[in-house]
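None of the values given here were measured: they were computed from a predicted structure. Start at 1 and go down the list; that is how both ligands and their atoms are numbered. Positions are given from 1 along the sequence.
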Amino acid sequence: MIPEVISKQPIAGKCTPNLRDYAADYARFSWADARAELSGLPGGGINIAHEAVDRHAAGGRAEKVALRWLGKDGTRRDYTYADLRELSNRFANVLRGLGYGAGTRVFVLAGRIPELYVSVLGTLKNGSVSCVLFSAFGPEPIHTRLEIGAADVLVTTETLYRKKIAGLRERLPQLRLVLLVGDGDAVTTEPDTLDFRRLLAAAGTDFQVENTSPDVPALLHFTSGTTGKPKGAVHVHGAVVAHHVTGRLALDLHPEDVFWCTADPGWVTGMSYGIISPLTNGVTSIIDEADFDAERWYSILRQERVSVWYTAPTAVRMMMKGGTEAARRHAFPELRFIASVGEPLNPQAVMWGVEAFGLPIHDNWWQTETGGIMIANYAAMPIKPGSMGRPLPGVEAAVVHLTDDGRIAICKPGEEGELALRAGWPSMFRTYLGNDERYRKCFVDGWYLSGDLARMDEDGYVWFVGRADDVIKSSGHLIGPFEVESVLTEHPAVAEAGVIGKPDPVQFETVKAFVALKQGYEPGEALRRELLGHARKRLGAAVAPKEIDFLPALPHTRSGKIMRRLLKARELGLPEGDTSTLEGGT
Ligand code: ATP
Ligand code: MG
């Protein structure tokens, strides 16, 4: 049974939550106070890397472990805040020494190796713009991003360079320099291709961090490409105020925490919460170089004594597939808070957290465009499983619709509409690279329109309905795929479900579901009928799927989201569109 509300003690867990009383803390919050939690630079400047690293390295946390790196081969390496200051200073000196300064775009294409983190932080110190690309991309998606992003410098590994970049070089006239991280000394016979480690070793260890003003571009992130061609969102140094405070309030980070964000820095979560927020909050952050493996993950949670864990529904579902026994073979006495982002988190998954870890999973919502968490379930606030929670202090969120004359109207509680945020939070993106017009279209009457549909209940909890692009219109009903998928995954045989609208001459669209089964279950007519019956009983005939197909696995983006547009294109025999972020694609 899934409870409607998981109530909590006002002060839950092993340490006092940072946000204790939602209503009071929301009312009391101001961005100016949040800004005052950071040190800033003279004259009103602010630099992400200074707040993340130098501020701590200059104080009592200098010798504290900032990053604990777990290599694929079992290596375990610690970097203190002082180490990170020195290494990022060296990289900033490398850039400056070679003539790259403010505004230069420095890309990284690498797995989760220490050099990635050093490059990002050094780039930010130098006032240059950092963009990390997911290392499993094939040459074409890499080319597109380097081109749209007008990359000046690329840091990559020798292996990735030979496999993916060398052949692109002449099609990238703007790319002036490549820095190679080799296993030993990198072989650099090509012009403008230098050895990262050798340069770093020779560089000075002192660096005067660039005094960037809050509006100076710092980060470039490409969206996941779930609904179409990925867009490049530009973020500024002032965003660090939101990175910091959302980590403190939504992830409940305390300096004594060991924190593990499982996202790759090639996606916004892996940057905002895999690099910046844990460091600004002064915690020890775990980085695992290896890819997902349930047993490895359980071991990391236990052995590294992770206390706060931030992951994604796709990982949770994969762990659920293996059953709770796998989790129960381990003990996690330090673990006190689990959060998830990226896709809807089914109520089953929230409760699986309770079964496997003794803790519910706290869903939260945000986007590449928002730069930081905007809606969340908090440590001390009751959870309504299936809801994404309530807006962050400092964030005004509403469910809205557009009136006939194109104005914003706020929906009543329970009514479905588009999830919107009042513009002006510090980590708001500042443009879509090369598409300012599209950026401007996201804003109406001072509200940012997210493209997601949701409803807000009487208590201010937000419930995800679906992406505006994915919503199904059938016989006059609007059907969110999430609702249907959630019901299908209640069935013990179902590992994952993806639901689309199929054009229909009578009903406009009918609901079709694609289902991947858990280990030990076989597709067949009897199971199909059972699932159709289960869905009809739970959802009613108007909303339940009319058709169910079994697939060995559903198509996902590389960041783990179900690509419904691909299910639809394949079903209808239409072109697949941009598949650069498709998992397993090239
Ligand atoms: P693209 O914009 O290229 O189609 P994308 O929207 O998947 O890709 P991201 O910015 O990585 O790219 O993802 C943000 C989106 O992920 C949100 O707009 C929402 O649709 C979905 N999402 C994130 N968190 C949640 C959540 N907790 N519940 C439901 N959906 C979520
Ligand atoms: Mg999007």
Side-chain angles (χ1 to χ4, degrees), residues 134 141 144-145 148 219-233 235 246 250 263-274 310-317 338-347 349-350 361-377 383-392 397 418-421 427-429 432-433 435 438-439 442 448-455 461-471 480-483 485-486 555-566 577-583:
F134 189 52
T144 314
R145 285 161 181 74
I148 301 177
L219 302 164
L220 169 62
H221 280 298
F222 288 91
T223 61
S224 292
T226 315
T227 54
K229 202 169 164 16
K231 302 160 286 241
H235 289 280
T246 53
D264 187 273
W267 309 112
V268 72
T269 308
M271 175 63 76
S272 297
Y273 299 99
Y310 194 21
T311 190
T314 179
V316 173
R317 284 194 296 263
I338 311 176
S340 153
V341 70
E343 273 202 301
L345 188 71
N346 313 104
V350 175
I361 301 179
H362 295 74
D363 190 16
N364 59 49
W365 175 94
W366 57 292
Q367 308 178 303
T368 307
E369 290 85 342
T370 71
I373 302 171
M374 295 285 115
I375 292 172
N377 286 287
I383 293 180
K384 299 189 187 184
S387 159
M388 309 190 291
R390 295 160 92 183
L392 258 288
E418 188 161 355
L419 183 53
L421 305 165
S427 61
M428 189 177 89
F429 70 137
Y432 282 129
L433 207 63
N435 202 344
R438 181 163 190 174
Y439 173 76
C442 296
Y448 163 69
L449 296 169
S450 71
D452 285 346
L453 301 186
R455 55 177 194 277
Y461 282 69
V462 182
W463 300 76
F464 185 74
V465 171
R467 292 161 180 272
D469 291 10
D470 290 338
V471 164
F482 173 46
E483 183 186 14
E485 289 161 8
S486 239
H556 286 104
T557 64
R558 292 182 189 277
S559 54
K561 298 166 197 263
I562 298 171
M563 285 175 105
R564 293 178 193 81
R565 70 173 160 97
L566 222 59
D578 186 295
T579 53
S580 64
T581 61
L582 176 65
E583 191 180 47

Visitor: For atom 24 (N) of ligand 1, what is the closest protein heavy atom, and at what distance to 0.1 Å?
Guide: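 For atom 24 (N) of ligand 1, the nearest protein heavy atom comes out as G342 N, 3.2 Å.
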
Visitor: Say whether S224 and T557, considering side chains only, have a donor N or O and an acceptor N or O under 3.5 Å apart.
Guide: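 No - no donor-acceptor pair under 3.5 Å links their side chains.
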
Visitor: Under 3.5 Å, N or O to N or O, is K229 touching ligand 1 that way?
Guide: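 No; every N/O pair is 3.5 Å or more apart.
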
Visitor: Is the shortest N/O to N/O distance between G225 and ligand 1 below 3.5 Å?
Guide: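 Yes.
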
Visitor: Under a 3.5 Å distance rule, please check whether S427 uses its side chain to pair with a backbone N or O of T370 as donor and acceptor.
Guide: yes

Visitor: Judged on heavy-atom distance to atom 16 (O) of ligand 1, which of K561, E343, E369 sits nearest?
Guide: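 It is K561 that holds the nearest heavy atom.
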
Visitor: What protein heavy atom sits nearest atom 29 (C) of ligand 1, and how far off is it?
Guide: P344 N, 3.2 Å

Visitor: Between N346 and S486, what is the shortest heavy-atom contact and its length?
Guide: ND2-OG, 3.0 Å

Visitor: Counting each atom of ligand 1 from 1 as listed, which ones have a heavy atom of M388 under 4.0 Å away?
Guide: 26 (C), 27 (N), 28 (N), 29 (C)

Visitor: Among all protein non-hydrogen atoms, which one is nearest to atom 15 (C) of ligand 1, and what is the separation to 0.1 Å?
Guide: R467 NH2, 3.4 Å

Visitor: With respect to atom 5 (P) of ligand 1, which of N364, T269, T226, L453 exhibits the smallest heavy-atom separation?
Guide: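 Minimum heavy-atom distance to atom 5 (P) of ligand 1 goes to T226.
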
Visitor: What protein heavy atom sits nearest atom 4 (O) of ligand 1, and how far off is it?
Guide: T227 OG1, 2.4 Å

Visitor: Report yes or no: does a heavy atom of S559 sit under 4.0 Å from some atom of ligand 1?
Guide: no

Visitor: Tell me: protein heavy atom nearest atom 2 (O) of ligand 1, and distance?
Guide: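 I find the closest protein heavy atom is K231 NZ, 3.0 Å.
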
Visitor: Name the closest protein heavy atom to atom 17 (C) of ligand 1, giving the residue it belongs to and the distance to 0.1 Å.
Guide: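 Here the nearest protein heavy atom works out to D452 OD2, 3.1 Å.
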
Visitor: Atom 9 (P) of ligand 1: which protein heavy atom is closest, and how many Å away?
Guide: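 Among all protein heavy atoms, the one nearest atom 9 (P) of ligand 1 is T368 OG1, 3.4 Å.
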
Visitor: Over all heavy atoms of both residues, which pair between S450 and L419 is shortest? Give the atoms and the distance, please.
Guide: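 Closest pair (atom of S450, atom of L419, distance): OG-O, 2.7 Å.
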
Visitor: Between T246 and Y273, is there a side-chain donor-acceptor contact under 3.5 Å, judged purely by atom types and distance?
Guide: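 Note: Y273 and T246 side chains meet the donor-acceptor criterion.
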
Visitor: When you compare the side chains of E369 and Y439, does any donor N or O come within less than 3.5 Å of an acceptor on the partner?
Guide: no

Visitor: Identify, for atom 11 (O) of ligand 1, the protein heavy atom at the shortest distance, and state residue, atom and that distance.
Guide: S224 OG, 2.8 Å

Visitor: Only one of N377, I383, I375 clears side chain to side chain contact (heavy atoms under 4.5 Å, CB included) with Y461; which?
Guide: N377

Visitor: Check whether any heavy atom of W366 sits under 4.0 Å from an atom of ligand 1.
Guide: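 W366 counts as a contact of ligand 1 under the 4.0 Å cut-off.
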
Visitor: Examine distances only and state if a side-chain atom of K561 and a backbone atom of E343 form a donor-acceptor pair shorter than 3.5 Å.
Guide: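 Here the side-chain-to-backbone pair does not exist.
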
Visitor: Assert yes or no for the condition that the ring centre distance of F222 to F134 is strictly below 6.0 Å.
Guide: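 No: the rings miss the under 6.0 Å criterion.
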
Visitor: Numbering the atoms of ligand 1 from 1, which are under 4.0 Å from a heavy atom of V341?
Guide: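 Answer for ligand 1: 24 (N).
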
Visitor: Is there a donor-acceptor pair under 3.5 Å between the side chain of H235 and the backbone N or O of T368?
Guide: yes

